[in-house]
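Working notes, beginning with the structure itself.
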Amino acid sequence: MDITAALEALRAVRVLEAIASGDLTTRQLDMLGYRDAGSWTRLADVYFGPTRHRRLQEAARRAGADLSLDALRVVERHTRKLLPGAAVTPWELRVELCALRGTVAEIDRQAAARVRELNRAVDDAETKAYGRRSVKGGKNTDALGLRTITMTGPERHITALLAHLRPTAEKLRRADPRLSHEQALFDAVFATGTGPAGPVPPVPLVVATVPDGVRLLRREGDDTLFGLSDGTTMTGTALVEQIMADHHYVGLYDPVEGPVDLYRSRRTASTKQRILLAGESLLCEGPECTTPADECEVHHLTAWSQGGDTNVKNLTMVCRVHNARNDDDPHAPPRNGRLERRPGGVVFLPPDGGPPRTNRHPLRRLSARGLLNA
Ligand SMILES: [Zn+2]
């Protein structure tokens, strides 16, 4: 196939048809390196999946035959912003937006303007739009060590918030003329009385490996018992005292078994498990997920309903979304895939039986698991 034919074959509708018909599986896409193909599968569902609007679905495919996957993704994003009660249905809008031509940025702007126009005419548009208010992001650190949050809300809320911050920002700029308007607004958010308190001091967690010649025996009461190669036994407390004395938390991780136990001066069983598990992964175990472990839920790898215990070996930190999506019954037909603990860490088993995947976020290198596997 020459390059022109290859690009021709990459048109959104042709790729989505291949996905919908099963000619192209997510596993194949994964092996070809298309790691963002999850959104293609969702698009294939929309444009080729079952619907009560077959005629309009076909019309949308015809209108969008020339569009790239990026352009079709933009069309879909704007279609989802159409409010209920608009003059056209979502399917009629799709047909209309699929007929747009230009660069992806041009299609993006034209589609936004069209949907805004339609939404403006909807009764109660403001109340309906209010449901979409959000603060998003704040989870990814860029090369400068900065994070960005995006706040979305009705015009008057955002204007009111900025109006509230502006006097403080202007006072700060008068005191320091080198401050830009944007910098001063940021400072105003954190100025006394108007915003959140400063950052919470971090608690260091020290990762310790179970030394050679020491074997994990069993849990005994609130502690873990280890067998030593000289035939004696030792509690985890004594073992950790030997490793180091005055760190706040010492988490003990076994390279094969995973988290073993956590030690500190005063013990609290459940927070102890949370800290030990959070330190193991630092982030949700869902591949590509960026939710920090502190915001995650404790997930039972073998579900409670399947007889899974609440011991650390059977637990891991997973965000609310990935916890809800996990296939808890390993014998049921796979739907979304499931997490499993293997030697070396927790892995995600995709629903199509493809190779196990892990969360490869760069931060993971600093987790207990990352340090042990390094
Ligand atoms: Zn997640």
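We count ligands from 1, going down the list as the structure has it; atoms in each ligand are counted the same way.
- Note on Arg61 versus Glu17: no salt bridge recorded, every NZ/NE/NH1/NH2 to OD/OE distance being 4.0 Å or above.
- Between Trp40 and Tyr34, the ring planes lie tilted relative to each other; the angle falls in the 30° to 60° range.
- The pair Arg357-Glu288 counts as a salt bridge, with a side-chain nitrogen and a carboxylate oxygen less than 4.0 angstrom apart.
- Applying the side chain to side chain donor-acceptor pair (under 3.5 Å) rule to Arg218 yields the partners Glu220; only residues at least two apart in sequence or on another chain are considered.
- Arg77 and Asp108 are joined by a salt bridge, as a carboxylate oxygen and a charged side-chain nitrogen come within less than 4.0 angstrom of each other.
- Ion pair Arg54/Glu58 not flagged as a salt bridge, since none of the NZ, NE, NH1 or NH2 atoms sits closer than 4.0 Å to an Asp/Glu carboxylate oxygen.
- Each protein N/O/S atom under 2.8 Å from the Zn ion (ligand 1) was counted, for a total of 4.
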